[in-house]
Amino acid sequence: MPSPLRHRNLPHLLLQSRETLMRRFRPILQAHGLTEQQWRILRALLEEDALEPRQLCERCLISSPSIAGVLMRMEEAGWIKRERMEHDQRRVTVTVTAATKKLGKSMAPMIEREYLKLEKLVGVKQLQQVYDALDTLQKNLGTPK
């Protein structure tokens with residue numbers, strides 16, 4: 001007997017859900033001149049200070065060929081700095097600039113307001129269930145390589 005879940009297209013549902021959520025945050029990013037990829041990178045760097053491009057690829061789910069161009073444009077815009085590592089000149093670390101730290105601080109209240117609105121609309125308990133279900137999905141299916 002076929003599973004009743006088979007009739008639901010999980011990848012499509014996840015993409016639709018992501019788009020629905022991003023519609024709430026996209027105006028904030030656009031008002032600050034950021035793309036979604038740039039925001040994922042900045043958020044990772046604001047949380048972890050310095051990362052190598054390959055680490056950013058993993059954390060931000062951006063392919064290696066794509067991240068090279070994104071980082072170049074972000075460096076030209078003055079949002080990040082890239083520096084060669086002293087102990088291995090082949091490797092580079094990426095950090096945010098002081099201006100980007102200010103940008104992150106100015107955006108934080110707006111982002112937080114959107115999360116609070118989500119909690120009101122959906123409910124804290126329901127959102128926690130979504131987080132738990134997605135954590136379980138990732139844990140059980142593994143991280144794609």
Only counting residues at least two apart or in another chain, list the ones meeting side chain to side chain donor-acceptor pair (under 3.5 Å) with [X].
{"X": "Thr35", "value": "Gln38"}
{"X": "Arg91", "value": "Glu52"}
{"X": "Arg26", "value": "Glu19, Glu36"}
{"X": "Asp88", "value": "Arg90"}

Please lay out, stage by stage, how Leu34 and Leu103 fare under the test side-chain contact (heavy atoms from CB on, under 4.5 Å). CA-CA 11 Å; Leu34 293 168; Leu103 175 67; 4.1 Å; yes
In Å and rounded to the nearest 0.5 Å, what is the [atom1] to [atom2] distance from [X] to [Y]?
{"X": "Arg82", "Y": "Met74", "atom1": "CZ", "atom2": "CE", "value": "10.0 Å"}
{"X": "Leu71", "Y": "Gln37", "atom1": "CG", "atom2": "CD", "value": "10.0 Å"}
{"X": "Met22", "Y": "Trp39", "atom1": "CE", "atom2": "CH2", "value": "10.0 Å"}
{"X": "Leu10", "Y": "His12", "atom1": "CG", "atom2": "NE2", "value": "11.5 Å"}
{"X": "Ile67", "Y": "Cys57", "atom1": "CD1", "atom2": "SG", "value": "4.0 Å"}

On a heavy-atom basis, which atom in [X] and which in [Y] lie closest, and how many Å separate them?
{"X": "His32", "Y": "Trp79", "result": "O-CZ2, 4.2 Å"}
{"X": "Ile28", "Y": "Met107", "result": "CG2-CE, 4.0 Å"}
{"X": "Thr93", "Y": "Met85", "result": "CG2-CE, 3.3 Å"}
{"X": "Pro109", "Y": "Lys105", "result": "CD-O, 3.2 Å"}
{"X": "Gly78", "Y": "Thr97", "result": "O-OG1, 2.8 Å"}
{"X": "Thr100", "Y": "Leu46", "result": "O-CD2, 4.3 Å"}

Should [X] and [Y] be counted in the same cluster of Ile, Leu, Val, Met, Phe, Trp and Tyr side chains packed under 4.5 Å apart?
{"X": "Val92", "Y": "Leu56", "value": "no"}
{"X": "Leu21", "Y": "Ile111", "value": "yes"}
{"X": "Leu118", "Y": "Leu134", "value": "no"}
{"X": "Leu127", "Y": "Phe25", "value": "yes"}

Suppose the criterion is side chain to side chain donor-acceptor pair (under 3.5 Å): which pairs have a residue in residues 61-74, not counting sequence neighbours?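 Side chain to side chain donor-acceptor pair (under 3.5 Å) check on residues 61-74 returns Ser63-Ser66.
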Between Val94, Ile41, Leu45, which is the residue that forms a side chain to side chain contact (heavy atoms under 4.5 Å, CB included) with Leu51?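 Of all the options given, the one that passes is Leu45.
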Would a distance-only check, ignoring hydrogens and angles, find a side-chain to backbone donor-acceptor pair under 3.5 Å from Arg40 to Cys60?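 At least one qualifying donor-acceptor pair exists.
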In terms of side-chain geometry, is the basic nitrogen of Arg59 or Glu47 positioned less than 4.0 Å from the acidic oxygen of its partner?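 The answer is no: the pair does not qualify as a salt bridge.
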Going by the rule salt bridge (Lys or Arg N to Asp or Glu O under 4.0 Å), which residues pair with Glu76 if we only count those two or more places apart in sequence or in a different chain?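 With neighbours one apart ignored, the set is empty.
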Walk me through it: do Arg24 and Leu121 pass the test side-chain contact (heavy atoms from CB on, under 4.5 Å)? CA-CA 12 Å; Arg24 305 188 72 77; Leu121 287 169; 3.5 Å; yes
In terms of heavy-atom contacts, does CD of Gln89 have more than 12 from other residues, nucleotides or ligands at under 6.0 Å?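 Count over threshold, so yes.
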Working note: Val122 + Val130, criterion side-chain contact (heavy atoms from CB on, under 4.5 Å); need CA distance, chi angles, decisive distance, verdict. CA-CA 10 Å; Val122 178; Val130 170; 5.8 Å; no
